[in-house]
K.L.:
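Here you go, one structure.
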Amino acid sequence: VYEVSDMEYESVFQCLGGIKSEALEEVAALISTDGHSLAAFHASGSTCPQITEAKLPDWCSGIMDERNGFVPVQPLHSGKALVLLEGLPSFGYRTYRLAGKEEAKCAQHQVPDVRATTAEMENQYWKISLDTNGVITGIYDKKEKREVLKKGGKGNQLLVFEDMPHNFDAWDITEYYRQKMWKINEAESVSVTENGPLRWTIEITRKYQSSCIVQKMHMYHVLPYIEFETWIDWHEEHTLLKASFEVDIHSDYAAYDIQFGSILRPTHSNTSWDAAKFEVCGQKWADLSEYGYGAAILNDCKYGYDIHRGDMRLTLLKSATYPNTKADQGEHTFRYAFYPHAGDWREAGVVPYSKAFNQMVFTQQLGPQTGKIPGRYSIVKAQQNNIVIETVKKAEGREGILVRFYEAFNRHCTVEITFGSCMKEAWECDLMENLIQDMESNISCGGNSLWIEVRPFEIKTLYVVLDLD
């Protein structure tokens, strides 16, 4: 079944990739520019700055930001360059003018306070200490003036456990797996591989039995988290692999991302129900916060968490042998990040950072051209930070668009949704796109904005026809 699904996915990805490329080229050709530019297409409502890889001409040394300030780019070994994109519009695009070497010499830009050796990394947010094997031994928060890890605790400690469940080998994890644990400590190599104006990177290579683990630990000048870009060639059986962060944070509950909301789960085993949650599911993030401070784990494709007694763990691999005798064997690539922060997950913006961590920004080079549309446009934006726009799509069988959003903070509020153009009509509809035409709908409209009342964790769907003339 996996061989068939692999072929089907490959066909789907090729088809969608072609559609995406054609759409980007068609829109890019309509954008009016003042010179050589980079168009960035942003399919998310997150307002966080983002760093992405882009193909740039050899003469380009940076881009001009929204304040006409110079932001350097960082060349990569792949031939592409890292680009810092700030001020990205919600569900839209904007262009950044490319700057040459002469313009870079004249520009005034802040030299980033980022440095790294194999023993220490530091930027405006953190001072990180590492042992000789690249395991984090300390994370000092420079703004909050506190140590994040507990005394003697480790960060990004890779752990392996014997995984022999009673039944359903590929699905179950049984509680007694914790009785046999080994630490992957020894590193074959630890080296600084990037030291540019946007990020510094330490690459760590480890061997475990028949497997190889290569991690690139990225520290960014602008982004407030530590990223772990991971490549694994895995050849173990009945072995569970986890990444652990032992934090000095006290809370009886941890918060986990789920679709259209979040959920609290206990970090203790006071009752049999609590004890049964030794491994729980979550999507883009999990967060442990006490009053005034917390830490989150962001990830792009891993869904098993284990947070107990200040030990935050993310499950990376599970090596079952039934029904597939070679499950998880071979190469894996994925990313996760550790994000300590002041306040709780709401105040720290964990939701938008996790969205940005998972949502790619697509870029397209543009030459000087006269087009029909401006250099910046946003289809739709939520004005409240507790509202997450999840979907923008063409309505089925109608001329308008559909916008689906949810309330993320467990809070009653009146939401303001702003569109890039004035509205001809706007309706609330159900999940099947049927219009709600009775008194249950509480939309009020004016110009290019509408207002609607939302209950905690409520999902709302809007049908809107925009005046694009």
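These values consider heavy atoms only, across backbone and side chains, with no hydrogens, waters or symmetry-generated copies.
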K.L.:
Tell me whether the rings of Trp171 and Phe168 are parallel (<30°), tilted (30 to 60°) or perpendicular (>60°).
P.N.:
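Geometry flag for Phe168 against Trp171: perpendicular rings.
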K.L.:
Compute the ring centroids of Phe409 and Trp345, then answer whether they are less than 6.0 Å apart.
P.N.:
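Under 6.0 Å, so yes.
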K.L.:
Can you tell whether the side chains of Lys460 and Glu458 come within less than 4.0 Å, N to carboxylate O?
P.N.:
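Judged by the 4.0 Å cut-off on N to carboxylate O distance, Lys460 and Glu458 do form a salt bridge.
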K.L.:
Examine distances only and state if a side-chain atom of Thr267 and a backbone atom of Ala254 form a donor-acceptor pair shorter than 3.5 Å.
P.N.:
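Between the backbone of Ala254 and the side chain of Thr267 there is no qualifying donor-acceptor contact (under 3.5 Å).
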K.L.:
Using a strict cut-off of less than 4.0 Å between a Lys/Arg side-chain nitrogen and an Asp/Glu carboxylate oxygen, indicate whether Arg313 and Asp306 qualify as a salt bridge.
P.N.:
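Looking at Asp306 together with Arg313, the answer is yes, because their closest N to O distance falls below 4.0 Å.
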K.L.:
Between Trp231 and Glu331, is any side-chain donor less than 3.5 angstrom from a side-chain acceptor?
P.N.:
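Side chains of Trp231 and Glu331: pair found under 3.5 Å.
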K.L.:
Classify the side-chain pair Thr461/Arg404 by whether it contains a donor and acceptor separated by less than 3.5 Å.
P.N.:
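Looking only at side-chain atoms, Arg404 and Thr461 do form a donor-acceptor pair, the distance falling under 3.5 Å.
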K.L.:
For residues Tyr463 and Glu433, is any side-chain donor paired with an opposing acceptor at under 3.5 Å?
P.N.:
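Note: Tyr463 and Glu433 side chains miss the donor-acceptor criterion.
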K.L.:
Would you call Arg146 and Glu290 a salt bridge, taking side-chain N to carboxylate O under 4.0 Å as the test?
P.N.:
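Looking at Arg146 and Glu290, the cut-off is met.
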K.L.:
Any chance the side chains of His42 and Gln359 put a donor and an acceptor closer than 3.5 Å?
P.N.:
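Short answer, no.
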K.L.:
Does the distance from a Lys or Arg side-chain N to an Asp or Glu carboxylate O, for Lys150 and Glu147, drop under 4.0 Å?
P.N.:
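Looking at Lys150 and Glu147, the cut-off is not met.
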K.L.:
For Asp344, is there any backbone N or O sitting under 3.5 Å from a side-chain donor or acceptor partner on Ser289?
P.N.:
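Looks like no, no N/O pair under 3.5 Å.
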K.L.:
Check for a donor-acceptor pair, side chain of Tyr93 on one end and backbone N or O of Ala43 on the other, with a separation under 3.5 Å.
P.N.:
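Side chain of Tyr93 to backbone of Ala43, a donor-acceptor pair under 3.5 Å: no, none is there.
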K.L.:
Keeping Gln369 on the side-chain end and Ala28 on the backbone end, is there a donor-acceptor pair under 3.5 Å?
P.N.:
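Here the side-chain-to-backbone pair exists.
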K.L.:
Would His341 and Asp287 count as having a side-chain donor-acceptor pair, cut-off 3.5 Å?
P.N.:
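His341 vs Asp287: donor-acceptor pair found between side chains.
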K.L.:
Inspect the contact between Glu399 and Lys394 and indicate whether a charged nitrogen and a carboxylate oxygen are less than 4.0 angstrom apart.
P.N.:
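Salt bridge absent between Lys394 and Glu399.
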K.L.:
Anything under 30° is parallel, anything over 60° is perpendicular, the rest tilted; go ahead and classify Phe245 against Phe228.
P.N.:
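It falls in the tilted class, 30° to 60°.
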K.L.:
Will you find, in the side chains of Asp274 and Asn270, an N or O donor that is under 3.5 Å from an N or O acceptor?
P.N.:
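No pair is found: no donor N or O on one side chain lies under 3.5 Å from an acceptor on the other.
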K.L.:
Verify whether one side chain among Trp285 and Gln283 offers a donor that lies under 3.5 Å from an acceptor in the other.
P.N.:
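Note: Trp285 and Gln283 side chains miss the donor-acceptor criterion.
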K.L.:
Under 3.5 Å, is there a donor-acceptor pair between the side chain of Thr315 and the main chain of Lys242?
P.N.:
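Checking the backbone N and O of Lys242 against the side chain of Thr315, no donor-acceptor pair under 3.5 Å is found.
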K.L.:
Please answer whether the main-chain N or O of Asn410 pairs with a side-chain N or O of Glu407 as donor and acceptor at a distance below 3.5 Å.
P.N.:
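Indeed, once roles are kept as given, a pair shorter than 3.5 Å links the two residues.
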K.L.:
Regarding Tyr96 and Thr363, do their side chains bring together a donor and an acceptor under 3.5 Å, going by distance alone?
P.N.:
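No, because no side-chain N or O of Tyr96 sits under 3.5 Å from a partner of the opposite role on Thr363.
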K.L.:
If you measure only the distance, is there a donor-acceptor pair under 3.5 Å linking the side chains of Gln215 and Asn156?
P.N.:
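On atom types as modelled, these side chains qualify, holding a pair under 3.5 Å.
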K.L.:
Decide whether Ser449 and Thr418 meet the rule of one side-chain donor and one side-chain acceptor closer than 3.5 Å.
P.N.:
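Checked: Ser449/Thr418 side chains pair up, N/O donor to acceptor below 3.5 Å.
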K.L.:
Any side-chain to backbone donor/acceptor pair from Asn358 onto Ser354? Under 3.5 Å, distance only.
P.N.:
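It does hold such a pair.
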K.L.:
If we only count heavy atoms from C-beta on, is the Pro49 to Leu223 side-chain gap below 4.5 Å?
P.N.:
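In short, these two side chains touch, coming nearer than 4.5 Å.
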K.L.:
State whether a side-chain donor-acceptor pair under 3.5 Å links Asn299 with Tyr305.
P.N.:
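Yes, because at least one side-chain N or O of Asn299 sits under 3.5 Å from a partner of the opposite role on Tyr305.
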K.L.:
Between Glu246 and Lys154 (side chain of the first, backbone of the second, donor and acceptor by atom type, cut-off under 3.5 Å), is there such a pair?
P.N.:
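Here the side-chain-to-backbone pair exists.
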